[in-house]
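As structure tokens, the structure follows; a few thoughts come after it.
First listed ligand is number 1; within each ligand, the first listed atom is number 1.
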Amino acid sequence: MCGIFGVLARRDAVPLLLGGLALLEYRGYDSAGLAVLEEGGALRLLKSAGKVKDLCRKAAADAIRGRPGIAHTRWATHGPPTDLNAHPHACGGRLALVHNGIIENHEVLRREQVRRGCRFHSDTDTEVIVHELDRCPRGNGTGLPPRAAQEVLGRLEGSYALAILETGNRRLLAARRGSPLLIGLGCGAAAGEYYISSDLAALLPLTSRYLVLEDGDLAELDEEGARIYDAAGRRVTRPVTETRLDPASSDKGPHGHHMLKEIHEQPQAVRATLEAGLRAGVPQAAPWSSGDPEETERILAQVRRLHLVACGTSYHAALVAAYWLEKHARLPCRVDIASEFRYRDPVVEERTLFVCISQSGETADTLAALRRAREAGYLATLGICNTPQSALAREVQLLFLTRAGLERGVASTKAFTAQLAALQLLSLLLAKARGRPWEATARNLERLPERLRESLRLEQRIKDCAATLAAADHILFLGRGLLLPVAMEGALKLKEVSYLRAECYPAGELKHGPLALVEPGVRVVVPVLNGELLPKLRTNLEEVKARGGEMLLFVDPRTGLEDQQGVRVIHVPPTEDDFQAPLLYAPPLQLLAYHVALRRGTDIDQPRNLAKSVTVE
Ligand code: F6R
């Protein structure tokens with residue numbers, strides 16, 4: 001969603017701001033803008049609907065220069081994506097700011113402000129913050145006093161991350177509540193520089209050292225340094241973290257898109273995640289703890305049921321995990337979509353472990369679900385997350401970090417399989433804690449990355465099949481058992497990146513409704529496992545075929561299913577291992593989505609209307 005970038009340096013901020021915005025593009029946005037202080041200290045704004053490259057063109061034509069500066073990519077919520085609605089927003093030439101989040105009481109504030117005579121230039125909720133801050137008393141030539149600014153921000157309901165720039169004051173303010181914000185610290189030749197960013201990815205080319213602002217914090221950055229004040233106005237320090245992420249991990253390498261690169265990074269993401277949780281092939285409790293491994297073991301030994309909560313792709317990972325947890329640890333499992341769970345009044349049975357799963361760790365609904373769970377009497381809260389600096393990572397009691405590395409394609413791929421790897425470790429850990437067999441399954445995990453590679457080798461065959469699907473206008477996915485959530489994920493991926501209507505149903509539900517959609521020429525995609533459900537699935541396939549549906553099947557070769565009229569078959573590496581199967585079938589479906597989208601010419605890495613991390617409800 002929206003992205004913030006700010007630069008306090010002795011050099012021209014404009015190229016750094018534009019570079020930062022380019023690295024925030026992957027989050028999804030529809031307009032961009034920046035503001036700097038020009039040579040004499042006057043505020044200059046430049047905004048553009050459309051892409052960062054449009055803003056770059058404007059900046060070059062305008063020859064805008066200045067320092068310090070703030071910049072933004074906006075994902076429209078209040079008001080369409082226009083130049084006027086793009087951030088920064090300013091008032092009276094005194095103050096400009098960029099904002100991520102939503103101000104829920106903006107209508108009330110706006111009415112008050114209009115009565116006071118304030119003039120509005122945009123439809124955004126953000127503009128009320130500018131008018132509120134502009135009322136703050138300030139001394140001669142000094143900027144907004146931090147405490148006064150915090151008091152004003154205290155009137156806002158909702159969430160915000162803000163970067164603020166004021167006329168004649170070579171200083172930046174950064175503040176957050178409910179939306180992430182990092183302060184990057186310049187090193188080497190750039191020592192003394194500060195960067196504000198809503199996302200670690202945008203800091204990487206400039207620095208590996210950063211700190212995370214806490215909710216309620218306000219940071220004041222100037223040539224004398226960084227001063228941080230907590231919600232109560234006390235001067236505080238926040239720990240400095242050194243990331244080991246490689247700036248080159250933001251590049252696409254030889255691949256045309258981040259999505260394709262990330263699909264091919266899955267063996268490595270899964271290997272690194274498994275290695276983090278195993279020692280000599282034995283699942284360890286320590287990587288799941290937030291400090292005290294013995295406490296983690298004690299908690300895990302008490303678990304009698306699990307409640308898994310997530311959104312989108314992460315929700316599909318939870319659905320797969322429910323099969324594993326039931327089978328291997330013999331624990332009852334419930335899975336919920338976070339946006340539904342957060343408004344329910346759950347009945348929490350004794351010794352239930354709450355598990356939330358999120359790539360970004362900043363998904364608003366998942367965070368709200370976690371906060372609700374903390375009050376609801378669960379045994380403990382456990383998070384599986386790919387982003388160490390995220391709110392989720394800081395707020396759960398037990399944390400396991402997936403090792404997928406930066407994921408820049410909006411459509412999640414390697415983070416999904418890394419989540420599956422983490423959930424395998426959790427299943428084994430709980431099986432072990434409950435005295436159930438785990439050793440043979442754990443041994444098989446070693447081969448998983450190599451087997452994933454085999455699965456990725458199907459790309460050419462998948463590419464050949466993509467053409468017919470790209471011409472369809474509706475695609476039905478079917479699945480059974482362990483591969484049902486994988487088929488659901490396949491349908492989600494396809495619709496996200498190709499904009500084709502793709503729906504998934506349990507194959508057993510066909511006759512209860514979706515069969516009405518099947519007529520000659522309708523495309524149906526089915527992942528097929530060679531297991532006890534095969535005869536049932538074969539019957540469903542016959543039902544589709546009899547009605548002229550054209551099928552693309554991803555099958556274990558031992559099923560005996562082969563190409564025939566109306567049926568194309570892709571052989572997936574055979575497996576009997578229920579831990580391996582979802583990880584072997586998911587990448588081919590991701591590749592299918594990618595190649596169909598490529599043929600349809602969509603914006604694969606930044607599909608329309610979507611954002612990488614959904615930080616508002
Ligand atoms: C789909 C996708 C989304 C996310 C969902 C949750 O490709 O990426 O459905 O999975 O927005 O995001 P996280 O995992 O960051 O909570």
(message) So if I count the atoms of ligand 1 from 1 in the order they appear, which ones are less than 4.0 Å from some heavy atom of Ala411?
(response)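 Reading through ligand 1 atom by atom, the close ones are 7 (O).
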
Report the part of [X] in contact with ligand 1, treating N, CA, C, O as backbone and CB onward as side chain, heavy atoms under 4.0 Å; options are side chain, backbone, both, neither.
{"X": "Lys493", "result": "side chain"}
{"X": "Thr363", "result": "side chain"}
{"X": "Glu496", "result": "side chain"}

Give a yes-or-no answer on whether the side chains of [X] and [Y] include a donor-acceptor pair shorter than 3.5 Å.
{"X": "Glu25", "Y": "Tyr29", "result": "yes"}
{"X": "Thr413", "Y": "Gln266", "result": "no"}
{"X": "Glu242", "Y": "Ser208", "result": "yes"}

(request) Flag this pair as yes if the NZ/CZ of Arg600 is under 6.0 angstrom from the six-membered ring centre of Tyr499 and inside a 45 degree cone about the axis; otherwise no. (result)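 The answer is no, since Arg600 fails at least one limit relative to Tyr499.
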
(request) Report yes if Ser360 has an N/O atom closer than 3.5 Å to an N/O atom of ligand 1; otherwise report no. (result)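 Checking ligand 1 against Ser360, an N or O pair does fall under 3.5 Å apart.
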
(message) With respect to Thr366, determine whether any N or O atom, backbone or side chain, lies less than 3.5 Å from an N or O atom of ligand 1.
(response)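 No, Thr366 has no N/O under 3.5 Å of an N/O on ligand 1.
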
(message) If the contact criterion is a heavy-atom separation under 4.0 Å, does Cys311 count as touching ligand 1?
(response) yes

(message) So is Val410 touching ligand 1 or not, going by heavy atoms under 4.0 Å?
(response) yes

(request) Considering only non-hydrogen protein atoms, determine which one is nearest to atom 10 (O) of ligand 1 and report residue, atom name and distance to 0.1 Å. (result) Thr313 N, 3.0 Å

(message) Starting from atom 11 (O) of ligand 1, what is the nearest protein heavy atom, named by residue and atom, and what distance separates them?
(response)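 That would be Val614 CG2, 4.0 Å.
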
(message) With a 4.5 Å cut-off on side-chain heavy atoms, are Val525 and Leu469 touching?
(response) yes

(message) Could you check whether any side-chain N or O of Lys414 sits under 3.5 Å from a backbone N or O of Leu406, counting only pairs where one atom can act as donor and the other as acceptor?
(response)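 Yes.
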
(request) State whether the side chain of Thr387 and the backbone N or O of Gln389 hold a donor-acceptor pair below 3.5 Å, judged by distance alone. (result)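 Not confirmed, Thr387 side chain does not pair with Gln389 backbone.
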
